[in-house]
Amino acid sequence: MPYILVIEDQKNLLRSITQTLRESGYEADGADTLEAAKRLMSPMIDLVVLDLMLPDGSGLEWLSKQRAEGIATPVLVLTARDAIEDRVAGLDTGADDYLVKPFALDELLARIRALLRRDSRSGRSILSFGNVTVDLLTRSACRGSEIIPLQNRQLELLAYLIAHANEVVTRDMIAREVWKETTATWTNVIEVQINQLRKKLDLPGQPPILHTVRGQGYLLGDIP
């Protein structure tokens with residue numbers, strides 16, 4: 001089931017889009033600010049529906065940053081700006097499609113279907129940080145030339161950490177965005193999985209890459 005993130009500050013429109021997506025068979029989450037979107041972003045997201053004018057920043061700048069970081073998730077831009085130069089700016093920044101408000105929900109669904117078909121054909125599935133690589137299509141991981149045997153949940157956890165490389169992620173974030181559950185249920189499980197993942201990543205001759213930040217959470221990257 002494709003997972004779609006909708007970033008839109010008009011709450012009624014956000015609710016309408018996410019409800020329509022769920023009724024159409026998609027898994028969908030909504031965010032009305034860029035900060036909320038940051039908490040929801042994960043490698044499991046298949047497509048982003050993005051408004052450009054948001055209360056805490058520019059959707060276009062957010063998109064530019066995503067592309068600069070190598071995140072290739074398809075993005076469908078929603079905006080009231082219908083000038084040709086605005087559309088060109090959005091596409092040049094990295095948007096995959098551009099839909100001007102107001103729009104029909106049926107057209108939005110059709111464009112989403114087209115983008116998901118295109119992305120499926122492109123075979124986008126590889127995430128990497130340093131010499132660690134995760135292939136979501138083959139469900140495999142490696143560090144350098146060494147294959148890392150991972151359970152499915154560990155693979156998803158590593159993919160999430162790569163998407164947030166050099167950022168501290170909390171247990172709350174992991175429980176919500178990887179386990180899709182509450183920390184009250186999964187805190188101990190997360191700790192166990194992190195420790196097992198760390199052992200598998202710590203190969204001979206390779207520097208430690210997954211760290212515990214005391215009192216805060218976990219970090220994939222340089223020692224904080």
Side-chain angles (χ1 to χ4, degrees), residues 2-9 14 17-18 21 26-101 103 108 110-137 141 156 158-169 173 177-178 209 219-222:
Y3 178 24
I4 299 173
L5 174 62
V6 183
I7 309 173
E8 166 62 59
D9 68 327
L14 177 62
I17 293 174
T18 53
L21 290 171
Y26 300 106
E27 183 178 354
D29 277 322
D32 58 4
T33 65
L34 293 175
E35 183 60 32
K38 181 179 179 181
R39 294 193 295 268
L40 290 170
M41 280 298 292
S42 87
M44 303 301 114
I45 291 175
D46 296 291
L47 185 141
V48 176
V49 177
L50 173 68
D51 184 27
L52 293 187
M53 300 180 66
L54 295 157
D56 57 345
S58 163
L60 206 60
E61 292 179 3
W62 180 88
L63 174 58
S64 178
K65 182 179 179 183
Q66 297 293 302
R67 295 301 188 235
E69 293 176 352
I71 298 173
T73 305
V75 174
L76 170 60
V77 164
L78 302 179
T79 182
R81 300 174 179 173
D82 59 356
I84 294 296
E85 55 267 28
D86 290 325
R87 299 189 192 199
V88 170
L91 294 170
D92 283 347
T93 300
D96 296 273
D97 201 357
Y98 201 102
L99 189 57
V100 177
K101 299 176 182 178
F103 55 85
L108 174 64
R111 289 176 181 249
I112 286 172
R113 289 193 295 269
L115 286 176
L116 290 173
R117 285 196 301 270
R118 182 198 310 172
D119 191 55
S120 176
R121 289 193 298 269
S122 74
R124 178 188 61 83
S125 65
I126 297 177
L127 303 167
S128 62
F129 174 74
N131 66 348
V132 177
T133 301
V134 170
D135 190 324
L136 296 174
L137 190 62
E156 294 171 2
L158 179 56
Y160 178 75
L161 291 168
I162 289 175
H164 294 270
N166 287 320
E167 297 178 16
V168 175
V169 298
M173 293 167 65
E177 298 167 36
V178 180
I209 194 172
L219 181 143
L220 185 75
D222 298 329

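All values reported here derive from a predicted model rather than from experimental measurement.
With hydrogens and angles ignored, the 3.5 Å screen pairs a side-chain donor or acceptor of Thr93 with a backbone N or O of Ala89.
A distance of 6.5 Å separates CD1 of Ile45 from CG of Leu40, quoted to the nearest 0.5 Å. For the atom pair Leu76 CG and Tyr98 OH, the distance stands at 11.0 Å (nearest 0.5 Å). Between Thr133 atom OG1 and Leu127 atom CG the span is 9.0 Å, to the nearest 0.5 Å. To the nearest 0.5 Å, atoms CG (Leu108) and CG (Asp97) are separated by 9.5 Å. With rounding to the nearest 0.5 angstrom, the CG atom of Leu115 is 9.5 Å from the CD1 atom of Ile4. Atom CD of Glu61 sits about 9.0 Å away from atom CG of Leu34, to the nearest 0.5 Å.
Counting heavy atoms from C-beta outward, Leu116 and Leu47 have side chains that approach closer than 4.5 Å. Contact check for Asn166 versus Leu220: no side-chain heavy atoms found under the 4.5 Å cut-off. Side-chain contact between Leu219 and Val169: absent, with no pair of heavy atoms (C-beta onward) separated by less than 4.5 Å. Gln66 has its side chain out of reach of Val48: every pair of non-hydrogen atoms, C-beta onward, lies at least 4.5 Å apart. Within the 4.5 Å cutoff, the side chain of Met41 has heavy atoms near those of the Leu5 side chain. Within the 4.5 Å cutoff, the side chain of Leu14 has heavy atoms near those of the Val6 side chain. No side-chain heavy atom of Glu8 sits less than 4.5 Å from a side-chain heavy atom of Leu54. Side-chain contact between Phe129 and Val134 is absent, with no heavy-atom pair separated by less than 4.5 Å.
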| message | side chain to side chain contact (heavy atoms under 4.5 Å, CB included), that's the test. Do Val49 and Ile112 meet it? Break it down for me. | response | CA-CA 9 Å; Val49 177; Ile112 286 172; 4.1 Å; yes

| Can you check side chain to side chain contact (heavy atoms under 4.5 Å, CB included) on Arg111 and Leu99, steps first, answer last? | CA-CA 9 Å; Arg111 289 176 181 249; Leu99 189 57; 3.4 Å; yes

| task | Give the C-alpha distance, both sets of side-chain angles, the deciding distance and a yes or no for side chain to side chain contact (heavy atoms under 4.5 Å, CB included) between Thr18 and Asp29. | result | CA-CA 7 Å; Thr18 53; Asp29 277 322; over 6 Å; no

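Applying the salt bridge (charged side-chain N to carboxylate O under 4.0 Å, His left out) rule to Asp9 yields no partners; only residues at least two apart in sequence or on another chain are considered. Remark: Lys65 engages no residue in a salt bridge (charged side-chain N to carboxylate O under 4.0 Å, His left out) (not counting sequence neighbours). With sequence neighbours excluded, the residues that form a side chain to side chain contact (heavy atoms under 4.5 Å, CB included) with Glu167 are Lys38, His164. In this view, Tyr160 and Glu177 satisfy the side-chain hydrogen bond (donor to acceptor under 3.5 Å, both in side chains) rule, not counting sequence neighbours. Take Tyr26 and apply the ring pair (Phe, Tyr, Trp, His ring centres under 6.0 Å) test, not counting sequence neighbours, and it matches no residue. Residues forming a side-chain hydrogen bond (donor to acceptor under 3.5 Å, both in side chains) with Arg67 (at least two apart in sequence, or on another chain): Asp96.
Screening Val77, Leu78, Ile7 for a side-chain contact (heavy atoms from CB on, under 4.5 Å) with Leu52, the sole residue that qualifies is Val77.
Heavy atoms only, all atoms of each residue included: Ala31 and Ala37 are closest at CB-N, 3.6 Å.
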